[in-house]
Amino acid sequence: MSEAKKYPAPVTNPETAAFWDAAKQGKFMIKRCTACGEAHYFPRSICPFCYSDKTVWEEASGEGTIYTWSLMRKSPTGPYAIGYVTLKEGPSVQTNFVDCDLEKLKIGQKVKVVFKPTDGAPLPFFTPV
């Protein structure tokens, strides 16, 4: 029987604490700027589009599509896939893909967020729908 994969605990700070607290409840959060209306990820207090500090937390659907991906076959821990997911809300998220046949991933494929436990807050990853 193989051991479950262990993930490192995320490093948190006051600016991202709300994100990790929500992750503990199974919620995937993004930030939205109330000045220009754009949503962004990774959540930060300054809008990367208009540089306003008028940003608010928003729960994302956790659904998106694969924009691009790459399969890493040679790794001491075994093969894994990384890539970008475009969320329904608009932002793109760099992520790992889990709980799937990595050989069957496709650009444009629908995916959803899944959280994997760590010794701290759970980490968000994506898996095909």
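In this text, all values refer to a predicted model and were calculated from it rather than measured experimentally.
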The ring-ring contact (aromatic ring centres under 6.0 Å, His included) partners of Phe42 (sequence neighbours excluded) come to Phe19
Interatomic distance, CZ@Arg44 vs CG@Asn13, rounded to 0.5 Å, equals 12.5 Å
ring-ring contact (aromatic ring centres under 6.0 Å, His included) filter on Phe49, not counting sequence neighbours, yields none
Besides Ile82, the hydrophobic cluster formed by Ile, Leu, Val, Met, Phe, Trp and Tyr side chains linked at under 4.5 Å, directly or via other members, contains Met72, Tyr80
Interatomic distance, NZ@Lys116 vs NZ@Lys5, rounded to 0.5 Å, equals 10.5 Å
When rounded to the nearest 0.5 Å, the distance separating CG of Leu102 from OG of Ser70 is 11.0 Å
Expected list for residues 106-115: side-chain donor-acceptor pairs under 3.5 angstrom, two or more places apart:
unit_1, atom_1, unit_2, atom_2, d
Gln109, OE1, Lys106, N, 2.9

OH (Tyr7) and CG (Leu123) are apart, to the nearest 0.5 Å, by 8.5 Å
Those residues at least two apart in sequence (or on a different chain) that pass side chain to side chain donor-acceptor pair (under 3.5 Å) with Asp101 are none
Under a side-chain separation threshold of 4.5 Å, the hydrophobic residues clustered together with Val56 are none
- request: Could you please spell out the steps behind the side chain to side chain donor-acceptor pair (under 3.5 Å) verdict for Lys88 and Ser61?
  value: CA-CA 7 Å; Lys88 271 187 173 180; Ser61 65; 5.2 Å; no
So OG of Ser45 and NZ of Lys31: to nearest 0.5 Å the spacing works out to 6.0 Å
